[in-house]
> 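Can you read through this structure? Questions will come right after.
What you see below is based on every heavy atom in this structure, not just the backbone, and it leaves out hydrogens, waters and symmetry mates. Each chain gets a letter, A, B and so on, in the order the sequences are listed, and its residues count up from 1.
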Amino acid sequence: MAMTMHVDIVSAEQEIFSGTAEMVLAPAAMGEVGIMPRHTQMLTPLKPGEVRVTKEGGEQEFFYVSGGIMEVQPHVVTVLSDTAVRATDLDEAAAMEAKKDAEQAMKDRDSEMDYAKAEAELAQAVAQLRMIKKVRKNLGS
Amino acid sequence: MASGKEIRTQIKSIKNTQKITRAMEMVAASKMRKAQDRMQASRPYANKMHNVIHHLAYAHPEYQHPYLLQRENPQRIGYIIISSDRGLCGGLNNNLFKETLADMRQWRDQGCEIDLCTIGQKSSQFFKRFGSMKAQATHLGDAPGIADLIGTVKVMLDAYDNGEIDRLFIVYNEFVNTMTQKPIVEQLMPVVPAKEEKELAYHWDYIYEPDAKVVLDGLMVRYIESLVYQGVVENIACEMAARMVAMKSASDNAGDLIGDLELAYNKARQAAITQELSEIVAGAAAV
């Protein structure tokens, strides 16, 4: 019987594959790599592409990954797949967006204060009205 | 005593409120189940990521990543605070904020300054008065993707890289069970790898392709992101559970109120009938 190893393919939002395999082919950053059992420890980023898993008995399964990281231990292969499209400038843009949001919120602080003040005034006015109504009712009856 | 008609309108309005709270309870229950599923689904990734980081602590890499190096005498502290977008979920957010403020006070007493990053409408409203807010993300919805968080997390990671903050904490609610949610303040950076007792007897290291720095940079960023994502997903499950419980007790309270009011209404009605009868009888006797 051929030697096997455990293979896990996971993304942040779900588990994609978990099982034993004879070989894994993955699109590593420096080119396609084939991993067989007892491979030495390795860490490498993955490029977008397909991961091919040869399961026990020679049956093959294909998985598309949009990039990620692969860790190889002698008997365990872990593919941490990305769900988001990653690129440095895209990340940068997202970061800028988050920063801008925060600044906007800090700026809105004043208007929020006004809102709180207005709310307090409204509550006071309502209480006064209620008081007046009550007095009127008492006078009327 | 209020008249019959007044009580009847009151009962009607409370019944309407009860309908709303009951509907919200059911919506929250079904959403909670979905959120729990998502929490389960994201767990393998977090676990595997954790394993890899754990292995790294055993390996002897030629390149020490800055996230793994402890920094002495922190000057500025960063917090990523995860809360819900909406209210009506009991004391969930307030308990979390209280815990956070207590933790912040400790650091402030040591003379540290604080930078914030808020995820969720409630925390951004609450904390914008407190410290300098570096980044925020709101309206992520019930099923946020990791893509929604990349930018927010990157702001804090950049601040750490540039030495603007020396520690980074994450604050979120841990889902214990439907009734219990626990506010958690956890250190994200520098990474504290859980080292176990057994040390491997021999030295080994990974093969890094293309080189250690590139690989570890990518890995660490993803690790932190996955932790934050896990926190967000867990917090959503907490929010739904808390809302379900809050709405259930609101419906129950409404039921109690209606019971009391109905009793008062019946009493008033009976009193009116009795009075009318006695008037008729008295009138008949007078004739």
> Are the side chains of A/E13 and B/R38 in contact, using a 4.5 Å heavy-atom criterion?
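No - every pair of side-chain heavy atoms lies 4.5 Å or more apart.
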> Measure distances from A/V76 to the heavy atoms of chain B and classify the residue's part below 4.5 Å as side chain, backbone, both or neither.
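Contact with chain B: none, neither part.
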> Between A/S81 and chain B, which part of the residue has a heavy atom less than 4.5 Å away: side chain, backbone, both or neither?
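Contact with chain B is through the backbone of A/S81 alone.
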> Does any backbone or side-chain atom of A/A12 lie under 4.5 Å from a heavy atom of chain B? Answer side chain, backbone, both or neither.
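It is both, since atoms from each part get that close.
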> Check each atom of A/E71 against the heavy atoms of chain B and say whether the ones under 4.5 Å are side chain, backbone, both or neither.
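For A/E71, the contact with chain B is made by the side chain alone.
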> For a side-chain contact (heavy atoms from CB on, under 4.5 Å) check, start with the C-alpha distance between A/D82 and B/R222, then their side-chain angles and the critical distance, and finish with the verdict.
CA-CA 9 Å; A/D82 285 342; B/R222 281 175 180 77; 2.7 Å; yes
> What distance do A/T40 atom OG1 and B/Y206 atom OH have between them, rounded to the nearest 0.5 Å?
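Nearest 0.5 Å value for the OG1-OH distance: 10.5 Å.
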> Taking the side chain as every heavy atom from C-beta outward, state whether A/P45 and B/P210 have any pair of such atoms under 4.5 Å apart.
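Yes - at least one pair of side-chain heavy atoms lies under 4.5 Å apart.
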> With rounding to the nearest 0.5 Å, note down the distance linking CD in B/E209 to CE in A/M70.
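Here the interatomic distance stands at 8.0 Å.
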> Quick check against the 3.5 Å criterion: does A/E15 have a side-chain atom that pairs as donor or acceptor with the backbone of B/Y45?
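No; judged by distance alone, with no hydrogens or angles, the pair does not exist.
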> Measure the spacing between CG of A/L43 and CG of B/L216 and express it to the nearest 0.5 Å.
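With rounding to 0.5 Å, CG (A/L43) is 6.5 Å from CG (B/L216).
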> What I want to check is whether the side chains of B/Y208 and A/Q41 have a donor and an acceptor closer together than 3.5 Å.
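Side-chain D/A pair, B/Y208 to A/Q41: absent.
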> Kindly say whether B/K48 contributes a backbone atom to a donor-acceptor pair with the side chain of A/T78 at under 3.5 angstrom?
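No, A/T78 side chain to B/K48 backbone: no donor-acceptor pair under 3.5 Å.
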